[in-house]
Every structure is written in C-alpha cells, then in structure tokens.
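Lettering of chains follows the sequences in order, A, B, ..., and the numbering in each one begins at 1. These figures come from a predicted structure and were not determined experimentally.
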Amino acid sequence: MAGATPFYITTPIYYVNDKPHIGHAYTSLACDVMARFKRLDGYDVKFLTGTDEHGQKVEKSANLKGIDPQSFTDGVSQNFRDLAAFMGYSNDDFIRTTEERHKKACQALWKKLLDNGDIYLGAYEGWYAVRDEAFYMEDETEKKPDGTRIAKASGAEVEWVEEPSYFFKLSAWEDRLLKFYDENPNFILPKSRRNEVISFVKGGLQDLSVSRTTFKWGIPVPDDDAHIMYVWLDALTNYITAVGYPDTGNEGYKKYWPADVHMVGKDILRFHAVYWPAFLMAADLPAPKRVFAHGWWTNEGQKISKSLGNVIDPIDLVNKYGLDQVRYFMLREVPFGNDGDFAHSAMVSRMNGELANDLGNLSQRVLSMVVKNCDAAVPTPGEYSAEDKVMLDQAYDLLENVRQSIDVQAFNEAIEKVWLVIRAANGYVDHQAPWKLKKEDPARMATVLYVLCETIRNVALLLQPLMPTSMEKMLGLLEIADGDRTFASCGAAGALKPGTALEAPEGVFPRFIDHEELEKSYEGKGYDGPFLIKRALRQNPKSKETVFEIILSNGETQELNSADLEKAKEKGTLTQV
RNA sequence: GGGGCAGUAGCUCAGUUGGUUAGAGCCGACCGCUCAUAACGGUCUGGUCGGGGGUUCAAGUCCCUCCUGCCCUACCA
C-alpha cells in the first residue's frame with residue numbers, strides 16, 4: 001500500500017487490575033469501527049490497544065495471590081486480548097507496559113525530559129491515609145478536637161508524609177498548552193469537553209509528581225534505582241512506544257506519529273489532553289491530532305458500579321443478542337460523546353426494528369424476488385426512471401456523507417444516514433411494486449430489482465466496519481468478490497454485473513424473541529393444559545400476540561397463538577399433562 | 001464558590017450564521033400492500049420549544065434572570 005495516507009488510532013491501555021467490562025468494549029469498539037472504515041477507505045491504518053500493567057495495586061494483587069507481578073499480569077492481560085478477539089476487534093498491535101520496548105521508550109523519554117530541564121528532583125508531600133492508600137489535599141482533610149487529622153471523605157486518619165519524587169514542570173506549560181488548544185480547535189472533542197479542559201488549564205497548573213519510591217513494580221528511573229516512574233509518564237508513553245520510539249527515524253514512527261485519534265473515556269480526558277501534549281512538547285515531539293472523550297453507560301437507567309453489582313459484561317451481551325447486534329446498538333443508540341443507557345427493551349427494539357425489519361427484511365425480500373423471478377441471477381437493468389435515479393443517487397452519495405460523520409466520530413449520525421437510504425429503499429420497493437411488474441412489465445421489474453440490489457450493495461459495503469460478520473454474509477448473498485468490497489467499489493465504479501448467479505437468500509438478522517420472558521409470563525398466569533409450551537416461536541409486533549410451539553400429550557407438536565391458548569384455558573378443556 | 005453542558009411531541013433526540021405553517025425515529029390509531037424475517041408503505045393524533053423578562057419587523061435560535069438535571073474544579077486506570 002505504498003503512498004496510502006497513514007491513520008493511527010489508539011485505545012487507552014487498560015488497567016489489568018480490572019475485569020474487562022462494557023466500558024472497555026465500548027472504547028475499543030469505536031476505535032475498531034474507525035480503523036476498519038479507514039482501511040476500507042484506502043488508508044494505511046495502525047490500530048493500537050493494550051494493557052497497563054504497573055502500579056501498586058497490581059503489585060499487591062500479585063502478592064495476595066502469592067505470585068510475582070509479571071506472572072500475574074501475564075494472566076490478566078490475556079483477559080483483554082481475549083475480549084478483543086471475542087468482539088472482533090481488528091487491532092494491529094497489542095502493547096503491554098511490561099514489555100522491553102516500552103521500558104526503553106519510557107526511559108528514553110525520561111532522559112529527554114531531564115535533559116530539556118522539564119524534570120527535577122523534589123519531594124512529594126501531603127496528607128496520606130494509609131487505610132485509603134491515597135493522598136489528600138489540605139482542604140480535603142479536617143482536624144479533630146483530639147489533634148488528629150482525618151480525611152473528610154472516608155474518615156481515615158491521615159499523616160503528613162514526605163518522600164523524594166521527581167516532578168515534571170507542568171506549571172511551565174500552561175500558556176503553550178492554551179496556545180495549542182487555540183490553534184487546534186478540534187484537538188479535544190466533543191466541544192463541551194474541550195471547554196472543561198481549557199478552563200482547567202486556565203485555572204493554573206501544578207507540577208506533576210512522576211516517580212515513586214514506595215513500591216517497586218514499575219519502570220526504573222534512569223540512573224536512580226530508588227525511583228520508579230509513576231502512572232502517566234509510563235502509561236501515556238505506550239502510544240509512541242508502539243510506533244518505535246525512541247527510534248524516531250524508523251518507518252513506523254515516521255509514518256504514524258503523531259496519532260490521528262486517541263479514544264478515551266471522559267474520566268481520563270485530562271491526562272490525555274493536558275499531561276500528554278505537555279510531555280510531548282517538552283520532549284520536542286509533536287502532539288497527537290485529536291483526543292476524543294466518550295461518555296459512560298448506565299444499566300437500565302442505573303449508574304453502573306461494582307457495589308450495585310450491575311456491571312455489564314460484554315461477553316454476556318454478545319451471547320444474548322449477538323456480536324453485530326451489540327456493536328450496532330452501542331454506536332447507534334447514543335450520540336458518541338454523550339452518556340448512554342443500556343436497556344434491554346432498547347436493545348431489542350433496535351435489533352428487531354432496525355436490523356431485522358428495516359435492513360434484514362429489505363435484503364431478504366429483494367433477493368428472494370431476484371432469485372425467484374430473475375433466473376437466480378443479478379437482473380439486467382434498462383433505462384432508469386426518475387425514481388430509479390433518485391434511489392441510486394442516494395445509495396451512491398452515501399460514502400461521502402458517511403465519511404464526513406465518521407471523520408468527526410459521529411457514529412450515530414453516520415448510521416442514521418445509512419438508515420435513511422434503507423428506509424427510502426423499502427419505500428421504493430412498495431411504490432415500484434416489482435411483484436406486480438412481474439406480469440405487467442418484466443423488463444421494468446428487472447430494472448427495479450437491479451436498482452435495489454445496487455442499493456443493498458452500497459449499504460452493506462458501508463456497514464462493514466460496524467457489523468463485519470453480518471455484512472460479509474450480505475455481500476456474499478450478492479456474490480461480491482472479496483476484492484470488490486473496499487470503498488473504492490462504492491457507487492457506479494463497482495456496480496453489480498448483470499447475470500451473476502445468486503443463491504437463495506438466508507436471513508442475516510434474526511428477530512429477537514425473549515423466549516424465557518414469554519414463557520414465564522404464561523406460567524405466571526397459572527396456566528394448566530394437556531400440553532407443554534415448548535418455546536415461543538414469534539410475536540406479532542402489532543397485536544402483541546405470541547405464537548407458541550406446543551407439545552400435545554400424544555407427543556405431537558403444534559403451533560398455538562396466545563389468544564387461542566387463552567380460549568382453550570377458559571373452556572376448561574385442558575388438563576395438566 | 002468558580003466553570004461547562006443540557007432542559008424541544010408519551011419516549012429518544014435533530015434543529016446551520018435569528019426569518020415563512022417547529023422536524024425525525026419509536027409508541028398509538030387508521031388505511032394500503034402481500035415480494036419479504038407476522039416484515040413494508042402511507043395518513044393521522046400529539047409540542048405554551050423549562051418559567052419569566054428583554055432586544056428585534058421577526059427568537060427554539062441573541063441578552064438578563066430564575067428553576068431543574070448532569071459534568072469539570074489535578075496526581076485514581
């Protein structure tokens with residue numbers, strides 16, 4: 001891919017002391033969709049994710065388990081690799097802060113900062129609560145009558161401690177940071193987050209403690225073994241480690257740095273939008289082009305927390321609803337950047353209403369007609385009518401429209417644009433009524449079905465980044481060759497070849513039926529009958545009537561809808577099996 | 001305390017630099033269609049654009065004020 005524009009996107013490195021949850025899955029998903037989109041759009045993409053494996057908590061967890069920290073992190077880091085594979089993420093690299101390449105990069109960066117006079121040795125002092133393992137600001141503590149001092153938040157006793165520590169001269173970077181934000185208005189997105197950061201920086205910056213002597217599990221400070229690097233200088237550096245720093249002359253670095261997007265949760269925005277560009281500028285390195293801070297999920301309207309026990313495991317979600325369905329939902333439901341709510345009803349409504357009914361059924365109805373009425377091959381179009389052109393233009397304009405949204409991480413907007421075309425296509429089918437044209441004007445029918453196939457092709461191409469598995473299937477139904485699935489094939493350039501043989505279509509997006517819930521609702525009514533409800537087959541979305549598959553006492557299976565089931569019950573003709 | 005964001009139909013949200021009858025999706029009601037995954041299309045119901053005041057020929061869209069909710073206000077990943 002010589003000459004392709006590079007595109008470098010990163011997730012934060014995830015702290016291994018946590019179990020992977022929906023937040024991790026969400027950040028990485030957004031990156032994955034961007035990465036896949038850019039690849040299909042002809043970019044030379046590097047998509048990086050990884051794990052943050054140093055720190056006191058990790059050291060302690062390892063001690064508790066009676067194993068060395070390295071073995072411990074080897075194990076827990078794997079959880080994050082497994083999640084990435086499970087979710088279908090297409091990361092090109094997976095970095096671990098315990099790798100040798102990272103140690104080299106951090107120490108090189110440290111030396112550079114030291115040489116440039118931005119790191120100095122001082123003392124880290126403050127009110128430390130042993131119980132909380134945390135430092136508190138003066139105003140976060142209060143003096144009790146007996147003379148002891150406690151932390152207001154936890155009530156834990158604090159003591160004044162001083163330990164030698166290296167500091168980064170963050171205070172010296174205030175003006176240069178503000179100038180940087182001013183000159184790069186899209187460096188921090190969304191806009192409201194940018195405002196927060198700017199107001200934070202304007203409020204004045206203190207120097208940052210960047211080393212510790214109280215524990216060992218970290219990268220040693222060069223020429224001072226008593227210290228290890230602390231948190232952010234270690235963690236953030238991963239983004240340049242992965243492109244080969246400190247060898248700034250190597251291919252990877254030259255090509256990919258500065259990164260195009262650092263995707264982060266809103267909780268760690270400041271570190272990425274303030275500390276990180278300051279570190280880089282201090283080391284004479286260019287700052288990344290964008291930091292995007294996304295929001296958090298709630299669970300059925302409730303804040304997610306370990307203590308509430310309502311943590312969402314992405315693996316459970318995927319097992320319940322399907323991978324592409326979950327990927328779709330997370331980026332469709334919420335304007336990216338806002339907080340969102342994960343509700344079962346919303347999930348089902350999206351996957352049934354939009355995936356099964358709008359898109360899945362569109363491809364199913366169109367391809368069925370093609371296979372049945374066009375000799376099982378892509379039909380040959382005739383002259384296009386005005387309506388045909390309108391439909392086709394919408395499909396062909398999609399790439400440019402979607403691209404604009406994706407470039408600013410407006411995923412839900414991009415999806416909405418695709419769905420506009422899908423809805424238009426369903427309307428077009430009804431207006432053109434190819435099932436009538438079959439008898440009246442078969443040539444016209446062929447044209448209409450061709451236009452529809454083209455529309456589906458373009459929609460499916462553009463949805464590949466979001467739902468790779470399903471769209472692979474859909475493009476397969478159209479017999480699109482692997483080499484014709486990039487965005488270079490969008491529009492007329494990759495138009496379907498009439499005569500291409502097609503197989504009978506299979507459903508791409510099944511409807512979600514909550515079997516357990518439905519069956520329970522009947523059991524709950526105390527229903528007795530000479531049959532067992534084997535399973536709920538489907539539900540009529542209009543009448544809310546459910547059709548069950550039942551097993552009669554003679555072993556026969558039958559379908560019975562809920563209205564008849566109620567009648568049978570009223571008649572009292574049914575007895576317990 | 002300081003700062004930011006938001007408050008638009010039952011629900012979730014769009015609404016460019018102020019300009020004609022405020023939009024979409026979902027939900028609900030009705031009609032149509034029968035190719036399709038009991039799917040699709042169309043019509044309709046539904047809004048004092050948080051309250052009040054102001055600027056203007058004209059404000060959801062600018063100013064002031066009040067109310068409500070969320071977020072930021074440094075070393076935790």
**Q** Determine the contact category for A:Gly295: base if any of its heavy atoms lies under 4.0 Å from a base atom, sugar-phosphate if only primed atoms, P, OP1 or OP2 are that close, otherwise nothing.
**A**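 The answer is nothing, as A:Gly295 stays clear of every strand by at least 4.0 Å.
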**Q** Under 4.0 Å between a Lys/Arg side-chain N and an Asp/Glu carboxylate O for A:Asp358 and A:Arg350?
**A**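 No, this pair does not count.
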**Q** What's the gap between B:U12 and B:G19 when it is taken at their P atoms, as a whole Å value?
**A**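 After rounding to an integer number of Å, I get 27 Å for this pair.
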**Q** So A:Gly360, base contact, sugar-phosphate only, or nothing? Heavy-atom distance under 4.0 Å.
**A**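 Since a base atom lies under 4.0 Å of A:Gly360, the category is base.
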**Q** Taking the same atom, C1', in B:G50 and in B:G32, what whole-Å distance lies between them?
**A**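 41 Å, rounded to whole Å.
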**Q** Take atom C1' in B:U34 and the same atom in B:G15, then report the distance between them in whole Å.
**A**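 Those two atoms are separated by 38 Å.
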**Q** Is A:Asn373 near enough to B:C35 that one of its side-chain N or O atoms lies under 4.0 angstrom from OP1 or OP2?
**A**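 Answer is no, no contact under 4.0 Å.
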**Q** Which value, in whole Å, describes the distance between the P atoms of nucleotides B:U43 and B:G7?
**A**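 28 Å, rounded to whole Å.
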**Q** Return the value, rounded to whole Å, for the distance between atom OH of A:Tyr450 and atom C1' of B:C35.
**A**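 It works out to 21 Å between those atoms.
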**Q** Identify whether any heavy atom of A:Asp18 sits under 4.0 Å from a base atom; if not, whether one sits that close to sugar-phosphate; answer base, sugar-phosphate or nothing.
**A**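 It contacts base atoms.
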**Q** Using a 4.0 Å heavy-atom cut-off, does A:Ser192 contact any base of the nucleic acid, only the sugar-phosphate backbone, or nothing at all?
**A**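 Touches sugar-phosphate only.
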**Q** Ignoring the backbone of A:Val231, work out which of B:C40, B:A77, B:G4 is nearest its side chain.
**A**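 Nearest listed nucleotide: B:A77.
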**Q** When all nucleic acid strands are considered with a 4.0 Å heavy-atom cut-off, which category describes A:Lys372: base, sugar-phosphate, or nothing?
**A**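 Counting heavy atoms under 4.0 Å across all strands, the contact made by A:Lys372 is with sugar-phosphate only.
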**Q** Is A:Asp207 touching bases, backbone alone, or none of the nucleic acid, heavy atoms closer than 4.0 Å?
**A**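 Base: the residue A:Asp207, judged by heavy atoms under 4.0 Å, touches a nucleobase.
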**Q** Which of these nucleotides, B:C75, B:U34, B:A77, is closest to any side-chain atom of A:Lys436?
**A**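 The closest nucleotide is B:U34.
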**Q** Please pick, from B:C35, B:G3, B:C76, the nucleotide with the shortest atom-to-atom distance to any side-chain atom of A:Lys57.
**A**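 Ranking B:C35, B:G3, B:C76 by closest atom to the A:Lys57 side chain puts B:C76 first.
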**Q** Would you mind reading off the distance between A:Ile198 atom CD1 and B:G4 atom C1', rounded to a whole angstrom?
**A**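 In whole Å, B:G4 C1' lies 11 Å from A:Ile198 CD1.
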**Q** For A:Leu437 and B:U34, give me the distance from atom CG to atom C1', rounded to whole Å.
**A**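 Result: 15 Å.
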**Q** In terms of side-chain geometry, is the basic nitrogen of A:Asp339 or A:Lys266 positioned less than 4.0 Å from the acidic oxygen of its partner?
**A**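 A salt bridge is present here (some side-chain N lies under 4.0 Å from a carboxylate O).
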**Q** Does B:G47 pair with anything, Watson-Crick or G-U wobble, both distances under 3.5 Å, and if so, with which nucleotide?
**A**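 In the structure as shown, B:G47 has no Watson-Crick or wobble partner.
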**Q** For the pair made of CD1 in A:Ile228 and P in B:C75, what is the distance, rounded to whole Å?
**A**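 Going from A:Ile228 (CD1) to B:C75 (P), I get 18 Å.
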**Q** Give A:Trp232 one of three labels, base, sugar-phosphate or nothing, depending on what nucleic acid heavy atoms sit under 4.0 Å from its own.
**A**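 Sugar-phosphate only.
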**Q** May I ask you to evaluate whether A:Lys19 reaches the phosphate of B:A77, defined as a side-chain N or O under 4.0 Å from OP1 or OP2?
**A**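 It does not, given that no N or O in the side chain of A:Lys19 lies less than 4.0 Å from OP1 or OP2 of B:A77.
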**Q** Could you tell me the separation between the CZ atom of A:Arg332 and the P atom of B:C26, rounded to a whole number of Å?
**A**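 Those two atoms, CZ and P, are 10 Å apart.
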**Q** Pick the P atom in B:G28 and in B:U21, then give their distance to the nearest Å.
**A**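 Rounded to whole Å, the distance is 32 Å.
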**Q** So what does A:Val334 touch, heavy atoms closer than 4.0 Å: a base, only the sugar-phosphate, or nothing?
**A**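 If one applies the 4.0 Å heavy-atom cut-off, A:Val334 turns out to touch nothing in the nucleic acid.
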**Q** My understanding is that a pair needs two contacts under 3.5 Å, Watson-Crick or G-U wobble. By that rule, which nucleotide pairs with B:G1?
**A**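 Its partner is B:U73 (Watson-Crick or G-U wobble, both distances under 3.5 Å).
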**Q** Is the A:Trp276 ring parallel, tilted or perpendicular to the A:Phe279 ring (thresholds 30°, 60°)?
**A**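 Aromatic pair A:Trp276/A:Phe279 classed perpendicular.
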**Q** Can you tell which of B:A74, B:C35, B:A14 lies closest to the side chain of A:Pro335?
**A**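 Out of B:A74, B:C35, B:A14, the nucleotide with an atom closest to A:Pro335's side chain is B:A14.
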**Q** Take the protein atom CZ of A:Arg212 and the nucleotide atom C1' of B:C75, then report the distance between them rounded to whole Å.
**A**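 Spelled out: CZ on A:Arg212 to C1' on B:C75 is 7 Å.
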**Q** Go through B:U37, B:A74, B:A36 for me and flag the one nearest to the A:Phe200 side chain.
**A**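 Looking only at heavy atoms from C-beta outward on A:Phe200, the closest nucleotide is B:A74.
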**Q** Would the base of B:G32 count as contacting A:Asp430 through its side chain, where contact means a donor and an acceptor less than 3.5 Å apart?
**A**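 Indeed there is one.
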**Q** Please confirm whether the shortest side-chain N or O distance from A:Tyr230 to OP1 or OP2 of B:C76 is below 4.0 Å.
**A**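 So the side chain of A:Tyr230 is within the cut-off, an N or O lying under 4.0 Å from OP1 or OP2 of B:C76.
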**Q** For B:U37, does either OP1 or OP2 sit under 4.0 Å from a side-chain N or O belonging to A:Gln364?
**A**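 Answer is yes, contact under 4.0 Å.
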**Q** Taking the nucleotide of RNA chain B with the closest heavy atom to each, which residue, A:His431 or A:Asn412, is nearer the 5' end?
**A**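 Nearest nucleotide further toward 5': that of A:Asn412.
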**Q** Flag the pair A:Lys417 and A:Glu400 as a salt bridge only when some basic side-chain nitrogen lies within less than 4.0 angstrom of an acidic carboxylate oxygen.
**A**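 A:Glu400 and A:Lys417: not salt-bridged.
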**Q** Is the ring pair A:Tyr328/A:Trp419 parallel, tilted or perpendicular, if the boundaries are 30 and 60 degrees?
**A**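 A:Tyr328 and A:Trp419: tilted rings.
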**Q** According to the Watson-Crick and G-U wobble definitions, with both distances under 3.5 Å, which nucleotide is paired to B:C33?
**A**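 Partner of B:C33: none.
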**Q** Would you mind classifying the nucleic acid contact of A:Leu205 as base, sugar-phosphate or nothing, using non-hydrogen atoms under 4.0 angstrom?
**A**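 Base, at least one base atom sits under 4.0 Å.
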**Q** What's the closest nucleotide to the side chain of A:Tyr124 if the choices are B:C71, B:A77, B:C75?
**A**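 Given the options B:C71, B:A77, B:C75, the side chain of A:Tyr124 is closest to B:C75.
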**Q** Got a salt bridge between A:Arg332 and A:Glu416, using NZ or NE/NH1/NH2 to carboxylate O under 4.0 Å?
**A**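 So A:Arg332 pairs with A:Glu416 through a salt bridge.
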**Q** Is there a Watson-Crick or G-U wobble partner for B:C62 with both distances under 3.5 Å, and if so, which one is it?
**A**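 B:G54 - that is the nucleotide pairing with B:C62, both distances being under 3.5 Å.
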**Q** With rounding to the closest Å, how many angstrom separate the P atoms on B:U16 and B:C72?
**A**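 Pairwise P distance, B:U16 against B:C72, rounds to 28 Å.
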**Q** What I want to find out is whether A:Lys57 reaches A:Asp18 closely enough, with some N-O distance under 4.0 Å, to be called a salt bridge.
**A**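 Here A:Lys57 does not pair with A:Asp18 in a salt bridge, since their nearest N and O are not under 4.0 Å apart.
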**Q** For RNA chain B, whose closest nucleotide is more 5', that of A:Ile268 or that of A:Ser363?
**A**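 Its nearest nucleotide being more 5', the pick is A:Ser363.
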**Q** Where the side chain of A:Met369 is concerned, which of B:C35, B:C40, B:G25 is the nearest nucleotide?
**A**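 Closest of the options to the side chain of A:Met369: B:C35.
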**Q** Check this for me: does any side-chain nitrogen of one of A:Lys436 and A:Asp441 sit under 4.0 Å from a carboxylate oxygen of the other?
**A**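 Result for this pair is no, no salt bridge flagged.
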**Q** Quickly work out the A:Lys191 NZ to B:C5 P distance and round it to whole Å.
**A**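 Atom-to-atom, A:Lys191 to B:C5, this comes out as 12 Å.
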**Q** Separation of A:Leu449 atom CG from B:C35 atom P, in whole Å?
**A**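 Distance, rounded to whole Å: 13 Å.
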